[in-house]
> 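Handing you a structure now.
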Number of protein chains: 2
Amino acid sequence: MNFQVRKQKILEKLDQSGVIDVKETAVALAISEITIRRDLAVLAEDGLLIRTHGGAMKVSLSQVPVSFAQKSAVNAGQKDEICRLAAQQIQEGDVVFLDCGSTVFRMCPFIRNMNIKVVTNSLPVINELMGSMVSLNFAGGEIDVERQAAHGKIAAEHFGKYRADKAFVGVDGISLQNGLSASSEKEAEITMALCHNAKAAFFLCDSTKLEKDRYLPFAPLNFVQHLITDSSASDELLEEYRTLGIRVFK
Amino acid sequence: MNFQVRKQKILEKLDQSGVIDVKETAVALAISEITIRRDLAVLAEDGLLIRTHGGAMKVSLSQVPVSFAQKSAVNAGQKDEICRLAAQQIQEGDVVFLDCGSTVFRMCPFIRNMNIKVVTNSLPVINELMGSMVSLNFAGGEIDVERQAAHGKIAAEHFGKYRADKAFVGVDGISLQNGLSASSEKEAEITMALCHNAKAAFFLCDSTKLEKDRYLPFAPLNFVQHLITDSSASDELLEEYRTLGIRVFK
DNA sequence: TTATTTATGATTATTTTTGAACAAAATTAA
DNA sequence: TTAATTTTGTTCAAAAATAATCATAAATAA
C-alpha cells in the first residue's frame with residue numbers, strides 16, 4: 001500500500017470519526033507506526049489535518065451542513081411549488097427578508113440569479129446563496145445550532161435597521177380561529193421583527209399546516225396580508241381566508 | 001501488445017480502482033516493469049494520471065478542496081503552531097472574539113471542546129464550530145463573499161454590544177517602524193472593533209508577516225499587547241518587540 | 001535486401017520509502 | 001511538584017522503486 005492509498009484511507013477515517021490514533025491506524029492499515037506518523041506529518045503540512053499527540057484531528061471543511069438539507073427535502077414537492085410562487089413575487093432590485101425556516105430555504109434556487117438584496121438570519125440560506133447574484137446581509141446574534149440561524153433580541157433588532165420591500169416567512173401553524181402560532185418564542189419573535197420592517201409580508205404555508213395550531217399563538221389573522229400555499233390546499237378553506245381580506249396564492 | 005492497447009488497459013484499470021501498482025500491472029499485461037513505468041511517464045505527461053512511487057493514481061483523487069479551505073491550508077504547519085498557542089490562552093467560560101482571517105479559522109479544531117462563547121464575523125468559523133461545545137454568536141451585516149465574512153459598520157457595531165475576555169485577530173502586516181497595517185479598510189475596521197471591546201487582544205502573525213508593511217497602516221505598535229508567532233521567527237527580532245512591552249508567544 | 005529508427009528488456013547506480021533503535025520531548029499519573 | 005509512561009524526532013540500515021545506460025528485437029524506410 002503506497003502513500004496515496006494510505007492518505008485516502010487516513011482522511012476517510014478522520015472524516016468519519018473526527019480524530020484518529022497513530023496506533024489504531026497503524027494496525028488498521030497494517031503498516032508501522034513510524035510510517036503513519038510520517039504520513040500525518042505530510043498531511044498536516046498540507047493543512048488536511050491537525051497533528052495531535054498520538055494522532056490527528058480533522059479540519060472539517062464541509063461548508064454546507066448536511067442535516068438541514070435533509071430536513072428541507074421533506075415535502076419537497078409541495079415546498080418547491082410554494083417557493084416558485086414566492087419567488088415570482090420578487091422583482092429585480094428588491095430588498096428581501098428571508099426567515100430561517102426549511103420552506104423559505106428552498107426559495108434559494110429560484111432567486112439565485114436575481115439582482116436583489118437578501119437579509120436573513122438563516123445560515124443555510126447564506127451558504128446556499130454565497131457566490132450567487134444575490135447581495136447578502138446576515139442578521140447577527142446568538143446562533144441556535146438546531147435551527148442553524150441567529151435568534152434573540154439582537155437578531156430581531158438587526159432587521160429593524162433595514163427596510164425591506166418584501167418579507168418571506170415560514171408558518172408553523174395558522175388557523176381561521178386563532179391566527180398565527182409558532183412552536184417556539186424564538187420563531188415568533190423573528191417573524192414579527194421581519195414583518196414589522198417590511199412593506200409586504202408573505203407567509204409560506206404548505207397545505208398540511210393550514211388550520212393547525214401550535215402552542216404559542218403570536219399574531220391575529222388580520223396580521224396576514226399574503227399567504228402562499230400549495231395546490232393540495234382546499235379551495236373552500238382558502239376562500240374563507242380570502243373573504244377576510246388575505247391575498248392567497250396557490 | 002502495443003502502447004495504444006496498454007494505454008487503454010491501464011486507464012481502464014485506473015478508472016476502476018483509483019490507484020494502480022507497477023508490479024501488478026506488469027504481470028497483468030504480461031510486460032516488463034520498465035515498460036509500464038515508461039507508459040505511466042507518458043500518461044502522466046499528458047495529464048491522464050498522476051504518477052506515484054510504485055504506481056499511479058487517478059487525477060480526481062489528488063484534487064484540492066474549496067477556496068477558503070485552500071487558503072487556510074497555506075503554511076498550515078506554521079498556522080497550527082500559532083493556533084495551538086493561541087488556544088492555550090483561552091480558559092473555560094471565556095467570551096472570545098475571533099476575526100475572519102484564515103489563520104484564526106485554524107483555531108477552531110483547538111477550541112471545539114471548550115465551554116466558551118465565541119463571537120465572530122467569519123462564516124467558516126461558524127460552520128466549523130457548529131455542533132461543537134462552543135456557544136456561537138455571529139456579527140451580522142453585509143456579507144463579503146470573497147472573505148466569507150460580515151463587514152462594514154453594522155458588523156463592527158455588533159462587537160460593541162459585547163465585552164470579550166479575549167480577542168484573536170490575524171495580522172496582515174506588522175513592523176517595528178510602522179506598527180500594524182492591513183490590506184483593506186474592511187480588515188482594519190473589524191480588527192479595531194474587536195480589540196476595543198476585548199479585555200485583551202492577541203495578534204496572530206506567522207513569521208513571514210513580521211516586519212512586513214501593507215498599504216494601510218491603522219494602529220501604532222503600542223496598540224499591540226500580545227503577539228503570537230511561530231518557531232521560525234527570529235529571536236533577535238522578537239526581543240525587540242519584547243523590549244517595547246509586547247508579550248510575545250512563540 | 002540493408003540501414004535506420006523505434007520499442008522493449010536487462011543491468012546497475014541512485015533515489016525514495018520504510019522500519020528499527022534509541023534519545024529527547026511531551027503527556028499523564030502519583 | 002517529581003516520576004513513569006507515552007509519543008516523537010533522529011539516525012541509520014534495509015528494501016523497494018526508479019533512472020540511466022546499454023543491448024536486443026521489431027518495425028519501418030530506403
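Throughout, a chain's letter reflects where its sequence line sits, starting with A, and its residues are numbered from 1.
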> Under the ring pair (Phe, Tyr, Trp, His ring centres under 6.0 Å) definition, can you give me all pairs with a residue in residues 2-53 of chain B, not counting sequence neighbours?
none

> For B/R51 and C/dT15, what is the distance between atoms CZ and C1' respectively, to the nearest whole Å?
13 Å

> Measure from CD on B/E24 to P on D/dA16 and round the result to the nearest Å.
15 Å

> Strictly below 4.0 Å, N to O, side chains only: are A/K153 and A/E157 in salt-bridge contact?
yes

> For A/E185, give me all partners under side-chain contact (heavy atoms from CB on, under 4.5 Å), at least two apart in sequence or on another chain.
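Applying side-chain contact (heavy atoms from CB on, under 4.5 Å) to A/E185 gives A/L216.
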
> Using a 6.0 Å cut-off, check whether atom NZ of B/K250 has over 12 heavy atoms from anything other than its own residue.
yes

> Does one side chain, of B/H158 or B/N137, offer a donor that lies under 3.5 Å from an acceptor on the other?
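A donor-acceptor contact under 3.5 Å links the two side chains.
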
> Which residues satisfy the ring-ring contact (aromatic ring centres under 6.0 Å, His included) test with A/F159, sequence neighbours excluded?
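With neighbours one apart ignored, the set is A/F97.
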
> Please name all residues satisfying side-chain contact (heavy atoms from CB on, under 4.5 Å) with A/M130, sequence neighbours left out, ordered by chain then number.
A/I126, B/L123, B/I143, B/V145, B/Q148

> Can you measure B/R37 atom CZ to C/dT11 atom P for me and round it to whole angstrom units?
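Between P of C/dT11 and CZ of B/R37: 14 Å.
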
> Give a yes/no answer on whether the side chain of A/K23 brings an N or O atom under 4.0 Å of OP1 or OP2 in D/dT6.
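No, A/K23 has no side-chain N/O under 4.0 Å of OP1/OP2 on D/dT6.
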
> Between the opening five pairs and the closing five pairs of the helix from C/dT1-D/dA30 to C/dA30-D/dT1, how far apart are the helix axes, to 10°?
30°

> Which letter, B, S or -, goes with each nucleotide of nucleotides 16-30 of chain C from 5' to 3', with contact meaning a protein heavy atom under 4.0 Å?
SSBB------SS---

> Are there over 12 heavy-atom neighbours, none belonging to B/Q177, within less than 6.0 Å of that residue's CD?
no

